[in-house]
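Within every chain, numbering begins at 1; the chains are lettered A, B, ... in the order of the sequence lines, protein sequences first and strands thereafter.
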Amino acid sequence: MKKRAATRGSGRKQADPDGSTMPENNHLDKEVHHLVELLNQHELTELEVEHKGMRIRVRRGGGADTIPTVVSEPGRAGLDRKGESAETAAQALAAEALATVASPIVGTFYRSPSPDADPYVDEGDFVKKGQVLCIVEAMKLMNEIESEVDGRVHKILAESAKPVEYGQPLFLIDPTATP
Amino acid sequence: MKKRAATRGSGRKQADPDGSTMPENNHLDKEVHHLVELLNQHELTELEVEHKGMRIRVRRGGGADTIPTVVSEPGRAGLDRKGESAETAAQALAAEALATVASPIVGTFYRSPSPDADPYVDEGDFVKKGQVLCIVEAMKLMNEIESEVDGRVHKILAESAKPVEYGQPLFLIDPTATP
Amino acid sequence: MFKKILIANRGEIALRVIRACKELGIRTVAVHSDVDANSLHVRMADEHVCIGPADSSLSYRNIPNVLSAAEVTGADAIHPGYGFLAENAHFAEVCESIGVRFIGPTSDHIAMMGDKAKAREIMARKGIPLMPGTGELKSEQEALESARRIGFPVIFKATAGGGGRGMRVVNKEEDLTRAFQTAQAEAKSSFGNDAVYLEKFFIEPRHIEVQILADEKGRTVYLGERDCSIQRRYQKLLEESPSPVIDERLRREIGNVAVEAVRSVHYRNAGTVEFLLDKDHNFYFMEVNSRIQVEHPVTEMITGIDLIKEQIRIAAGQPLAYRQQDIKLVGHSIECRINAECPDKFTPCPGTVTRFHQPGGLGIRVDSAIESGSVVVPHYDSMIAKLIVHGQNRDEAIARMKRALDEFVIEGIKTTIPLHKRIMDDPDFQKGRVSTGFLERFTAGPSA
Amino acid sequence: MFKKILIANRGEIALRVIRACKELGIRTVAVHSDVDANSLHVRMADEHVCIGPADSSLSYRNIPNVLSAAEVTGADAIHPGYGFLAENAHFAEVCESIGVRFIGPTSDHIAMMGDKAKAREIMARKGIPLMPGTGELKSEQEALESARRIGFPVIFKATAGGGGRGMRVVNKEEDLTRAFQTAQAEAKSSFGNDAVYLEKFFIEPRHIEVQILADEKGRTVYLGERDCSIQRRYQKLLEESPSPVIDERLRREIGNVAVEAVRSVHYRNAGTVEFLLDKDHNFYFMEVNSRIQVEHPVTEMITGIDLIKEQIRIAAGQPLAYRQQDIKLVGHSIECRINAECPDKFTPCPGTVTRFHQPGGLGIRVDSAIESGSVVVPHYDSMIAKLIVHGQNRDEAIARMKRALDEFVIEGIKTTIPLHKRIMDDPDFQKGRVSTGFLERFTAGPSA
């Protein structure tokens with residue numbers, strides 16, 4: 001049984017209003033509407049935009065009661081998640097685009113095919129699309145997890161022989177890196 | 001038994017924006033109204049816009065869940081109260097200062113000393129400080145309520161022979177008016 | 001006793017099971033789909049494992065992922081709640097085979113009770129009174145002959161069925177052919193099995209069910225009945241116990257039949273025997289539900305017995321601590337299901353609950369995993385809370401439910417609270433004069 | 001029956017009374033100070049009247065304003081709750097004189113029970129077992145002689161007292177003079193009356209009280225006891241029923257004495273007879289509280305009787321609907337008082353409750369007028385919620401309380417929830433081995 005999983009972190013960037021969407025003039029109304037929409041869509045607490053002498057800030061609630069619906073990183077504690085939306089804008093500025101390899105199943109994560117074998121990959125290694133990165137054992141079955149992109153292993157996020165849950169990020173791959 | 005009560009109504013009068021309290025700039029007015037609408041519609045806490053040297057900020061309560069502690073108009077429903085705070089910012093610009101005469105006790109409000117007598121005062125009348133404005137009957141005692149200021153009776157807010165509660169506004173007096 | 005229980009469910013029933021485990025000193029593992037990561041049942045559990053995406057077939061119904069979660073957390077038992085995997089005989093079987101205790105009946109009993117036609121046959125052989133009806137129908141001709149014998153109106157039901165799907169009422173002979181075909185097609189598409197059977201259709205019957213508990217040694221008791229006559233499209237909306245029309249003698253009679261029904265097949269753990277009660281107080285066996293039910297709290301309220309704890313104790317091999325004569329029914333209990341749905345139209349209404357404030361005080365119980373800020377996602381059942389009251393008698397219970405419904409604050413989404421208020425104010429309901437057709441008058445709109 | 005009841009109180013007890021009225025179909029009038037305008041008790045009432053500013057002497061204790069509010073709204077009865085005007089004989093008298101029914105005992109009974117020394121004298125004459133002690137002390141010499149007769153340690157109490165003020169324990173003769181003077185001064189400043197009396201002071205006694213109900217015809221019943229031994233500075237913090245140390249025989253004995261005590265003076269409505277229980281299970285009359293008490297819910301939970309409704313029915317002239325033998329105590333109930341206060345130091349902690357989420361499920365009751373966004377003002381009592389549980393036995397009740405305390409979310413202010421969690425985990429508490437000195441070990445800090 002083989003399973004693949006690699007999700008692009010692009011979903012988090014959408015919260016970022018870039019220059020092209022900024023108003024020229026007099027589009028105040030449209031702009032505020034747009035920001036409110038963004039606020040709603042991303043369940044943000046506050047959104048502030050400053051551009052060509054114009055500054056717009058939109059804020060909602062104390063945030064205390066608002067719980068994000070869709071969570072991109074299950075397994076993290078609730079407190080961490082609340083921080084995410086705040087980080088979103090900052091992270092989006094950094095135009096980094098790492099690919100996350102997440103576990104498609106619940107099971108036990110292994111970095112190597114057997115206890116005495118070498119790991120499939122180490123941080124810094126270059127990998128090819130389709131290359132096996134690790135095994136997740138579930139129900140006595142070994143599921144090989146492959147990379148969906150070419151790139152460099154930026155970070156290994158799980159510890160070998162420990163349980164992982166569905167959607168838990170296992171690797172960050174930098175697809176822009178070349179050997 | 002005589003009781004006096006007159007509180008400055010700076011908190012209340014904001015609830016009725018008439019022409020004279022509106023800002024010169026028609027555009028600003030429209031804009032503020034628009035922002036308040038947005039605030040209500042999207043249940044926001046705060047909305048701030050700065051544009052060409054102009055800055056507008058609209059804020060509501062302390063968040064959706066916060067219920068005002070001290071309320072200037074007991075007897076009104078909670079929903080009304082929520083609206084008030086939203087209007088506050090826009091109307092604070094107007095510098096009108098009516099004095100409110102509130103009931104110091106719970107009882108029944110009477111505009112005249114006896115059923116067949118003339119009212120103590122009518123709207124538009126000029127009153128002197130210490131002049132009796134009405135009676136509030138409680139526990140079979142007639143309590144005369146006096147004005148604390150000189151001025152013109154701007155509005156009578158309670159209906160004769162109806163119950164009034166503690167702190168309920170009975171009269172608005174315009175202390176700037178002169179005969 | 002178990003050391004750690006995995007709860008293979010979500011929402012209020014997952015929280016219900018976690019509460020029972022906490023009170024028993026058993027550690028808990030919540031599983032959840034990714035949209036449920038911040039749910040109350042996840043936060044209240046000692047451990048939690050994300051088992052898949054929102055689609056329940058890939059998460060809550062995903063047997064390998066659920067069992068992997070049990071494996072990696074070292075859980076020694078699984079409580080399935082209701083729905084999802086609760087009546088999946090295969091799941092119970094796999095649990096048994098890998099040595100994780102499935103908290104419920106055996107896989108064989110689940111399979112037996114899951115095949116409604118077969119269950120009826122078994123009960124008929126044991127002498128349990130059945131609705132006039134048939135076994136699985138082989139042909140249209142057989143259906144026609146059976147319908148004539150039973151007498152119209154009749155109803156088609158799917159043998160693999162439940163929840164009202166695959167059901168068709170036939171009032172006269174000429175409508176039978178089309179109804180037969182439609183019922184088969186619906187059964188096929190809903191359950192992957194087109195087998196249907198026929199039953200007598202009663203006008204204005206009551207839905208009466210009996211809660212039973214059976215331990216591993218076979219000691220079996222009944223815990224009074226629940227009256228679930230207030231239904232909408234075969235979905236229960238309000239339940240009460242005791243039934244306003246059942247007296248002590250009839251209660252004992254139905255209770256004994258229910259105990260006989262499950263004891264005859266050596267059934268274990270909690271179960272519910274459903275009956276139809278006609279106007280003359282004749283009762284007919286319908287089916288056995290081999291799970292804990294949504295409406296179990298009304299039974300708990302009048303017996304003082306925690307049914308989830310009993311399920312766990314029985315699964316752990318403990319004997320029942322009481323006999324039939326020890327069970328006393330005290331007062332009256334009503335449950336209103338609060339669903340996130342548009343009033344009158346009954347369409348689901350997902351969204352964010354901006355404010356959630358429960359009623360409180362004497363005789364009030366709320367079972368819900370909702371809190372202020374919770375997001376009701378569109379992927380699952382629309383029931384977001386159960387409001388349960390207990391009173392010294394039915395009148396007090398109704399008065400208490402009215403004031404509790406008035407107190408309940410749920411903002412941001414539409415719910416069935418207004419509908420329940422109208423039911424409480426209904427003179428027929430107040431007199432206990434309801435049948436499974438009762439709610440039809442409300443579906444036509446507020447003024448009907 | 002009354003048509004409209006004015007509730008002369010605020011907070012959870014006002015809401016408690018409103019709930020009972022709603023269930024009885026009686027209209028309600030809330031009164032409130034201006035800072036309480038948006039309170040839940042105001043919003044849940046049919047009508048509401050602002051009766052003054054935050055200072056309770058100008059609002060909730062303001063007799064003319066409360067009565068004017070009854071007058072302008074046409075209320076035919078007033079429920080005083082506890083505190084404020086509940087034991088003000090003058091208020092009850094004025095109510096009687098203007099034809100508004102005071103829901104409680106007569107003004108004479110309030111006055112009689114309010115004078116603690118006189119009440120003791122009356123009870124002594126009726127043969128009720130008293131704490132070894134004195135009547136009002138005329139001089140220091142009398143105090144000294146009495147203390148020698150009773151035997152040290154002894155305690156000074158104010159005859160007009162309550163709530164621990166004016167009390168002084170004396171362990172040996174040479175401390176007596178100073179304690180007498182301090183007690184007098186404290187009694188004077190707290191109650192405007194410097195009269196004090198002496199009682200035997202017991203080491204590690206239990207505080208046991210018996211709930212009684214007496215109708216207008218004089219039929220009197222007791223509803224089991226409450227064990228309120230867990231106190232802090234004479235303020236109850238946790239109550240339970242039944243007491244873990246009282247058996248069936250002793251319960252009947254104390255109950256009969258309590259009934260005798262109130263019946264002998266023709267007491268009416270609800271009341272509580274407080275006793276001290278020593279280590280040898282001797283019990284001594286302390287006082288009668290002529291009001292509904294904070295901890296009344298634990299009695300409601302094990303008897304199924306709604307005490308507030310009973311108060312209202314009795315005041316309306318209805319007879320009790322049951323006799324002593326009809327009252328059955330079922331299971332065990334515990335109440336934790338959730339106060340807005342800093343843990344360990346016990347200083348009040350007013351502020352805004354940014355988030356409030358009640359525990360739910362089987363056997364849980366929350367009596368509170370708090371909701372998310374409520375402002376806890378510094379002007380009144382710091383108790384913001386009562387968490388009450390019911391279980392089949394004491395162990396289950398404790399386990400349930402633990403999980404309910406874990407579930408209770410109150411953000412924005414500090415509360416006694418952590419303290420209650422530590423009490424639940426205490427081995428002595430779990431074994432029922434507590435006395436009125438129990439909490440002292442917790443006051444020294446978490447590690448003590």
Side-chain angles (χ1 to χ4, degrees), chain B residues 1-5 7 11-12 43 45 60-85 100 102-110 135-143 145 157-170, chain D residues 6 8 29-40 42-45 47-55 58-60 62-75 94-95 97-98 100 350-357 369-379 411-412:
Chain B
M1 179 164 120
K2 284 192 178 190
K3 297 201 180 188
R4 274 160 206 261
T7 53
R12 288 206 62 257
E43 302 190 359
T45 312
R60 172 212 296 286
D65 277 352
T66 306
I67 291 164
T69 326
V70 183
V71 172
S72 55
E73 292 189 32
R76 275 227 219 162
L79 211 64
D80 290 331
R81 285 187 188 113
K82 281 182 188 164
E84 276 175 33
S85 41
T100 303
S103 179
I105 51 168
V106 181
T108 307
F109 174 77
Y110 292 105
I135 278 173
V136 176
E137 181 198 342
M139 307 296 291
K140 315 290 173 212
L141 284 175
M142 298 297 171
N143 304 283
I145 310 296
L157 300 162
E159 202 177 328
S160 203
K162 296 282 177 178
V164 291
E165 53 188 350
Y166 169 84
Q168 182 170 333
L170 305 175
Chain D
L6 181 142
V29 180
V31 295
H32 63 90
S33 67
D34 53 11
V35 293
D36 281 342
N38 266 298
S39 298
L40 210 48
V42 175
R43 296 214 312 280
M44 290 307 299
E47 296 171 60
H48 46 88
V49 180
C50 182
I51 54 167
D55 179 349
L58 302 173
S59 49
Y60 297 107
N62 181 334
I63 295 178
N65 272 10
V66 169
L67 293 177
S68 294
E71 206 172 43
V72 298
T73 55
V94 182
C95 284
S97 73
I98 65 166
V100 172
T352 298
V353 179
T354 52
R355 189 173 179 83
F356 184 80
H357 186 80
I370 297 293
E371 55 189 331
S372 291
S374 284
V375 176
V376 179
V377 292
H379 311 88
E411 290 172 7

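No other option in D/A54, D/P64, D/G52, D/A69 has as many heavy-atom pairs under 4.5 Å with chain B as D/G52.
Residue B/M139 holds its CE atom at 9.5 Å from CG of D/N65, rounded to the nearest 0.5 Å.
When all heavy atoms of D/V72 and B/V106 are compared, the pair lying nearest together is CG2-CG1, 4.2 Å. Shortest non-hydrogen contact noted between B/E165 and D/H48 is OE1-O, 3.4 Å.
Using a 4.5 Å heavy-atom cutoff, the side chains of B/Y166 and D/S33 are not in contact.
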